[in-house]
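Basis for what follows: all heavy atoms, side chains included, without hydrogens, waters or symmetry-related copies. Below, read A as the first sequence line, B as the second, and so on, with proteins coming before strands; counting in each chain starts at 1.
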2 protein chains.
Amino acid sequence: MAKETIAGLAKRLGISKASVSYALNGQPGVSEVTRRRVLDLAEELDWYPSSSARALSRSRAGAVGMVLSADPLLIGTEPYYMGLLAGIESALAEGDMALMLRMVGKDPLQEHAIYERWSGERKVDGVLLFDHLHDDPRPALLERLGLPFVLHSAPESARPTSFSGTTTDHDSDSARIVDHLHATGHRSIAHVSGPHSFVHEEERIRGVRERADGYGMTVVQYEGSYALEAGHDAIALLLRAASAPPISAVVLGNDLMSMGALLALRELGLRCPEDVAIVSWDDSLHCQLASPSVTALSRNTVLQGRVAAELLLLLLDSGTLQTRSMPSSELVVRASTGG
Amino acid sequence: MAKETIAGLAKRLGISKASVSYALNGQPGVSEVTRRRVLDLAEELDWYPSSSARALSRSRAGAVGMVLSADPLLIGTEPYYMGLLAGIESALAEGDMALMLRMVGKDPLQEHAIYERWSGERKVDGVLLFDHLHDDPRPALLERLGLPFVLHSAPESARPTSFSGTTTDHDSDSARIVDHLHATGHRSIAHVSGPHSFVHEEERIRGVRERADGYGMTVVQYEGSYALEAGHDAIALLLRAASAPPISAVVLGNDLMSMGALLALRELGLRCPEDVAIVSWDDSLHCQLASPSVTALSRNTVLQGRVAAELLLLLLDSGTLQTRSMPSSELVVRASTGG
DNA sequence: CTGAAAGCGCTTACAG
DNA sequence: CTGAAAGCGCTTACAG
């Protein structure tokens, strides 16, 4: 069977290609009777319009792009990204948009090159941006390229002027964690964040410090890499440095570093939570399975992906810039803080 | 700046569109001088040919599709899929092919509908098939649709007659595991597999049984779902059933079930490995972090994805059907078997 | 409501 | 080696 085309359908039905197209796309310009006949025939023949022909004539790719730019090792072990992907995918599928996925290392130039290419080839209609960086060059680049985008976890201050984005209330997340530690008796804590180059880490750091200050708690900050080893090394360093009062709880920026912290405590012969309590800024199966299980901030990553994708669809369909705040996270209290 | 086109470049250079096209695509039909001028101008203008126009005139989408069809919860926690994706992506990027990703639940009809659509819209040039099922309807469907595909982990018996595929030597994997258990003194073991509907599970089951038989070992088989709870429940059930000699080691089909098994042992007050040893058929960070750490078969999932993608590219470029066997896995011995 | 025609931006025989 | 032209399969003003 030769591939059917719109011309073929038109001939079979004795009408013009235009009518078939109108019928297919729900456009006015055909009678209901004709429309039904077209739709029925398409269904009967299992026929779908060619995506590339459509893309060419509509000047719309029908796809959005996402670059996963992180240490491949991290991506593989971080459940965070899979959740994000699942959410994105579900929203895109509903909007009949395809997801174009690329994974590259931490090299920003590679990521930029992909955007240039996508824009030049008109391969995607828009882009999803995650992990907002301090002085992030990507928004300006995408604007120059004319590629619409949604910035996930944009700073609260970013009003929907030049781009769409989701915002996360890091202050509230920070407060949740610090409040819990204060309530369980901790007065001197450490905060092992992810890289300061991420905007969300800056905000978390400020949030934790301000909340702790409010309670008169001491907080030592340490910059980690999100890798398990970073959590391990941070603990070793922080607990070696004699501080008064001694650190009795450590907040770590993700689940991997929290696992590293647990390992380090074990090596040092320290008990958790009796000697040192642990809180993870990301929940995952690792936190649940660890012994002791780890108290963690549960952010709904699937929902986050979904909302970001929805904002992008909205932007592409109607040009509407919008900011949506993510629902606040929940602290799941487990054994690592005596839960 | 209006979008450049091939016609624009041709005009600027005072040559025909055809020449520009030939130059761009490395085709004969242009002098080296002209080719250079074209390439230089394209570079200077940051210009790339429109992917949809290309796709339409070449009748080639420039993308391959992959449907992740599994319990979303499983996908999120299984590092397996991320590794696969990373490998696939790296091979495709080198071949200048895009990856079209869809995630659906376990409903096979949904997956089939996606293939029909992709084929009808000519949205992808080929498809990557994972998790080969017993009586898998997908190969026949894809053949009917005219969509080339690669079957990952096809049975050894499948010669490259009708499709390309990778093969895994499950016998050797099984032997590796059983040998280790036998060497560490176990004579009565249980094997908690994944669903029997997967071809690879059938082969593992046979492999384990045959090898155990060779040693005169007893082996009880149990069908799990790959979910953590399945591993948990299996342990409870298997150890309750009094068998002689009592089961002293359990092999579980993936890392999640192995974690469940560990939890169940703890609940039952049994020590691992002293009372019951554990082996996981998939290695992951979970196996490393668990206490005790879990002996696991380390399959290189990144490589597996890469090879599958390479086979598909080969098939699409040259029509060559080929079978490639995956390198055999390595058993990483850890504390759960007394390592 | 319908049809003939141009256009989307490439590739590719076909003549020169 | 180069150019003019047809074709890929849709969509969309534009006339009727």
Side-chain angles (χ1 to χ4, degrees), chain A residues 1-39 41-42 45-63 96 117-125, chain B residues 1-39 41-42 45-63 96 117-125:
Chain A
M1 69 182 182
K3 201 73 196 106
E4 267 306 340
T5 68
I6 205 170
L9 294 215
K11 189 172 299 169
R12 282 172 189 256
L13 294 169
I15 59 179
S16 74
K17 295 189 324 184
S19 302
V20 176
S21 174
Y22 292 142
L24 251 26
N25 296 304
Q27 304 271 11
V30 267
S31 64
E32 259 325 300
V33 193
T34 310
R35 187 185 304 276
R36 262 269 58 88
R37 288 180 61 216
V38 171
L39 262 25
L41 182 61
L45 298 176
D46 259 333
W47 178 88
Y48 296 88
S50 149
S51 60
S52 54
R54 236 183 189 169
L56 182 57
S57 58
R58 285 184 176 168
S59 304
R60 216 160 180 290
D96 215 25
R117 189 109 189 255
W118 274 349
S119 157
E121 296 182 330
R122 271 134 298 172
K123 187 126 190 153
V124 300
D125 298 314
Chain B
M1 68 181 181
K3 200 73 194 108
E4 266 306 341
T5 68
I6 205 171
L9 294 215
K11 189 170 299 169
R12 283 171 189 257
L13 294 168
I15 59 179
S16 73
K17 294 188 327 184
S19 303
V20 176
S21 175
Y22 291 142
L24 251 25
N25 295 305
Q27 304 271 10
V30 268
S31 64
E32 260 324 301
V33 193
T34 310
R35 188 186 302 277
R36 262 268 60 86
R37 287 180 61 215
V38 171
L39 261 26
L41 181 60
L45 299 176
D46 260 331
W47 177 87
Y48 296 88
S50 149
S51 60
S52 54
R54 238 184 188 169
L56 182 57
S57 59
R58 285 184 176 169
S59 304
R60 215 161 182 288
D96 215 25
R117 189 107 190 257
W118 275 348
S119 158
E121 296 182 331
R122 273 135 297 174
K123 187 125 192 153
V124 300
D125 299 313

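Residues A/R58 and B/G14 both approach DNA chain D. Their nearest nucleotides, taken by heavy-atom distance, put B/G14 toward the 5′ side. Map B/S19 and B/L56 each onto its nearest nucleotide of DNA chain C; the residue landing nearer the 5' end is B/L56.
Put simply, B/W47 has no side-chain N or O that comes within less than 4.0 Å of OP1 or OP2 on C/dG9. Between B/Q27 and the phosphate of C/dT11, there is no side-chain N or O to OP1/OP2 separation shorter than 4.0 Å. Proximity of A/S57 to the phosphate of D/dC10: no side-chain N or O atom is located under 4.0 Å from OP1 or OP2. Contact annotation: A/R54 side-chain N/O to D/dT11 OP1/OP2 distance is under 4.0 Å.
With rounding to whole Å, A/K123 atom NZ is found 21 Å from C/dC8 atom P. Computed from coordinates, the A/R122 CZ to C/dC8 P distance equals 12 Å when rounded to whole Å. Atom CD1 in B/I6 sits about 15 Å away from atom P in D/dT2, given to the nearest Å. Going from atom CD of A/E121 over to atom P of C/dT11 covers 11 Å, rounded to whole Å. Between the OH atom of B/Y22 and the P atom of C/dC10 there is a distance of 15 Å, rounded to whole Å. The distance from atom CG of B/L45 to atom P of C/dG9 is 16 Å, rounded to the nearest whole Å. Distance NZ (B/K17) to P (C/dG7): 12 Å, rounded to an integer number of Å. If you measure from atom CZ of B/R60 to atom P of C/dT12, you get 11 Å, rounded to the nearest angstrom.
Residue contacts shown for A/S50 are limited to sugar-phosphate atoms, with no base heavy atom under 4.0 Å away. Base engagement by B/S21 is indicated by at least one non-hydrogen atom pair under 4.0 Å involving a base atom.
The closest side-chain heavy-atom distance from B/N25 to B/R54 is below 4.5 Å.
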| request: Could you please spell out the steps behind the side-chain contact (heavy atoms from CB on, under 4.5 Å) verdict for A/V38 and A/I15? | output: CA-CA 10 Å; A/V38 171; A/I15 59 179; 3.9 Å; yes

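Secondary-structure annotation of DNA chain C gives the stems C:1-3 with D:14-16, C:5-12 with D:5-12, C:14-16 with D:1-3, with a stem taken as at least 3 successive Watson-Crick or G-U pairs whose two distances both fall under 3.5 Å.
Remark: A/V30, A/S31, A/T34 in residues 30-39 of chain A come within less than 4.0 Å of DNA chain C through at least one heavy atom.
When each of C/dC14, C/dG9, C/dG3 is scored by its nearest atom to the side-chain atoms of B/T5, the top-ranked nucleotide is C/dG9.
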